[in-house]
Amino acid sequence: MDSTAAVAVIDVSALQILVDALRARSYTVIGPTVRDGAIVLAELGSADELPYGWGVRLEPGGYRLRPRPDRAAFGHAAGPQSWKTYLHPARQRLWSMDRTNDAPATADNEPAPRLAFLGVRPCDLRAIGILDRVLAGGRHPDPGYQGRRDGVVIVAVECTEPGETCFCTSMGTGPAAGNGYDLALTEVVEDGSHRFLARVGTELGADLLGLLPRQGADAEIQAKAEAAVAAAADRMGRSMPPVSLPELMAGSREARRWEDVASRCLTCGNCTMVCPTCFCTTTEDVADLTGAHAERWQRWDSCFDLDFSYLHGGSVRTSGVSRYRQWMTHKLGTWYDQFGSSGCVGCGRCIVWCPVGIDITEEAAALQAEREAGP
């Protein structure tokens, strides 16, 4: 990698050149766009489809678009989807079989599309890294995940506009982009100027940056970009208590707070569906009415589902208390034992998309307060 080209400044018009270059290389470009009253992830045919001039207003159980006074393309916090939707889809067929001359089952081996992710937030960048460890690492990697993940181009965008429910700073996952990107952008919007500080992370990122009209990054623009990210760190709407979360979860097994949160929790599983790291699945077999054709499908599952812990004779976790406790203690505690990090990246989606507005940071703080108060 040419170190002299590792940092540069590009104009907002370069985003279209970047999209065109990726599409010319047969990549399907996925990025944020405004649709149905939300900023969602979808295939982009043009950089004009990015959510220029739109931000979001977030609260427990609430999400609203809001117009911005500028034309920032990435001045918004996490939306209802994460990149997990494309890397670990909600439903996928594993194999199919036709009862014709005892033909064997045929696995679905269609080649995965070449994906390019444009606009990955730092919290979601960390989430992709976590999914890599869970689904592509270890002794039994998921071949479907590996096939979709290999060759994905990641253009990260550092966070300069956190939402009211964001808490990535306290989880150590943002607002600056960590490792794992090919190209990282920091948006700087000023009167009459709309630029991005671009940093190269891989050889591919250097190749892409080399295709764009660019200028050298002087000390002034670098300082402005760093200041915007630092300011975002000071404007987080939420934070986790500054304690060892694994120890807190391990020491709160019998806390009274679980009863309180369970009285509000609908056990709907929304938090697990929008979480960028929840990965649990189940399988189901289906057949047509004749019985001549059968398929096996894998779909997302949730630890809030009563059947999730079903063993011969019944479910292990029958109460809402036990299911919520399982989700939160695994996410913040025992995930460390399994995968070496927290399963939470501080994106705040579980707070926003909970129908009754349960706030995981509030629950963690309440558990800590109860623990400090003693028995």
Original post:
Shortest non-hydrogen contact from Arg199 to Tyr181?
Top reply: NH2-OH, 3.3 Å
Original post:
Quick one: CD on Gln222 to CD on Glu226, what's the gap to the nearest 0.5 Å?
Top reply: 6.5 Å
Original post:
Which word best sums up how the rings of Phe117 and Tyr86 line up, parallel for under 30°, tilted for 30 to 60°, or perpendicular for over 60°?
Top reply: tilted
Original post:
So, does Ser322 use its side chain to make a donor-acceptor pair with the main chain of Ser319 at under 3.5 Å?
Top reply: yes
**OP:** If a pair satisfies side chain to side chain donor-acceptor pair (under 3.5 Å) and one of its residues is in residues 29-43, list it, with sequence neighbours excluded.
**Re:** none
Original post:
What's the spacing between Ile10 CD1 and Leu197 CG if we round to 0.5 Å?
Top reply: 9.5 Å
Original post:
Considering residues, nucleotides and ligands other than Asn179, do more than 12 of their heavy atoms fall under 6.0 Å from its CG?
Top reply: no
Original post:
Minimum heavy-atom separation for Ala8 to Leu209, with atom names?
Top reply: CB-CD2, 4.1 Å
Original post:
So, Ser315 versus Thr318: side-chain donor-acceptor pair below 3.5 Å or not?
Top reply: no
Original post:
Salt bridge check: are Glu164 and Arg238 linked by an N-O gap of less than 4.0 Å?
Top reply: no
**OP:** Could you tell me whether the side chains of Asp98 and His293 share a donor-acceptor contact shorter than 3.5 Å?
**Re:** yes
Original post:
Do Thr329 and Leu332 come close enough that some side-chain heavy atom pair is under 4.5 Å?
Top reply: no
Original post:
Salt bridge between Arg325 and Glu363, side-chain N to carboxylate O under 4.0 Å?
Top reply: no
Original post:
Is the closest side-chain heavy-atom distance between Asp182 and Val155 below 4.5 Å?
Top reply: no
**OP:** Spell out, yes or no, whether Met97 and Trp297 are grouped together once hydrophobic residues are joined by side-chain heavy atoms under 4.5 Å, including indirect joins.
**Re:** no
Original post:
Taking atom types as modelled and ignoring hydrogens, do the side chains of Tyr310 and Asp305 form a donor-acceptor contact shorter than 3.5 angstrom?
Top reply: no
Side-chain donor-acceptor pairs of residues 265-272 under 3.5 Å, sequence neighbours excluded:
residue	atom	partner	partner atom	Å
Asn270	ND2	Trp353	O	3.0
Thr272	OG1	Gly269	O	2.7
Thr272	OG1	Ser302	OG	2.9

**OP:** Kindly say whether Leu135 contributes a backbone atom to a donor-acceptor pair with the side chain of Asp132 at under 3.5 angstrom?
**Re:** no
Subject >> CA sep, side-chain torsions, deciding dist, call: Val56, Leu65, side chain to side chain contact (heavy atoms under 4.5 Å, CB included) >> reply: CA-CA 4 Å; Val56 294; Leu65 285 179; 4.0 Å; yes
**OP:** Answer yes or no: does atom CZ of Arg264 have more than 12 heavy-atom neighbours from other residues, nucleotides or ligands under 6.0 Å?
**Re:** yes
**OP:** Give a yes or no answer on whether the side chain of Thr160 reaches the backbone of Ala228 with a donor-acceptor pair at less than 3.5 Å.
**Re:** no
Subject >> Set of salt bridge (Lys or Arg N to Asp or Glu O under 4.0 Å) partners for Arg148, sequence neighbours left out >> reply: none
Subject >> Cluster check Val274, Leu131: I/L/V/M/F/W/Y, side chain < 4.5 angstrom >> reply: no
**OP:** Step through it carefully: locate the ring centre of Phe196, locate the ring centre of His194, and say whether they are under 6.0 Å apart.
**Re:** yes
Original post:
Take atom CD in Gln146; do more than 12 heavy atoms of anything else shown fall under 6.0 Å from it?
Top reply: yes
Original post:
What's the shortest heavy-atom distance between Glu187 and Phe74, and which atoms?
Top reply: OE1-N, 3.0 Å
Subject >> Taking every non-hydrogen atom, the tightest pair across Ile130 and Ser342 >> reply: CD1-O, 3.4 Å
Subject >> Side chains of Val153 and Arg114 in contact at under 4.5 Å (non-hydrogen atoms) >> reply: no
Subject >> Nearest atoms (heavy-atom pairs only) where Ala217 meets Val7 >> reply: CB-CG1, 3.6 Å
Original post:
Could you state the interatomic distance from NZ (Lys331) to CD (Gln326), rounded to the nearest 0.5 Å?
Top reply: 10.5 Å
Subject >> Donor-acceptor under 3.5 Å (Arg126 side chain, Gly172 main chain) >> reply: yes
**OP:** Give a yes or no on whether the ring-centroid distance for Trp335 and Phe279 is below 6.0 angstrom.
**Re:** yes
**OP:** Answer yes or no: is there a side-chain heavy-atom contact under 4.5 Å between Trp327 and Ile360?
**Re:** yes
Original post:
Hey, are the side chains of Phe308 and Val316 touching, using non-hydrogen atoms and a 4.5 Å cut-off?
Top reply: no
Original post:
If you take all heavy atoms of Ala77 and Cys166, which pair is closest and at what distance?
Top reply: CB-SG, 3.9 Å
Subject >> Pair Arg257 + Glu370, salt bridge at N-O below 4.0 Å >> reply: no
Original post:
Gln16 and Ser46: side-chain donor and acceptor closer than 3.5 Å?
Top reply: yes
**OP:** State whether Asp285 and Arg296 are salt-bridged, where the test is any N-O pair (Lys NZ or Arg NE/NH1/NH2 against Asp/Glu carboxylate O) under 4.0 Å.
**Re:** yes
**OP:** State whether the side chain of Arg235 and the backbone N or O of Pro162 hold a donor-acceptor pair below 3.5 Å, judged by distance alone.
**Re:** no
Original post:
Between Arg64 and Glu59, is the closest basic N to carboxylate O distance under 4.0 Å?
Top reply: no
Original post:
Are Arg23 and Asp20 within salt-bridge range, i.e. N to O under 4.0 Å?
Top reply: no
**OP:** Report, as yes or no, whether the 6.0 Å neighbourhood of atom CZ on Arg133 holds more than 12 heavy atoms from other residues, nucleotides or ligands.
**Re:** yes
Original post:
For Ala127, does its backbone N or O pair with a side-chain atom of Asp124 as donor and acceptor, under 3.5 Å?
Top reply: no
**OP:** Decide whether Lys224 and Thr186 meet the rule of one side-chain donor and one side-chain acceptor closer than 3.5 Å.
**Re:** no
Original post:
Would you call Glu161-Arg66 a salt bridge at under 4.0 Å N-O?
Top reply: yes
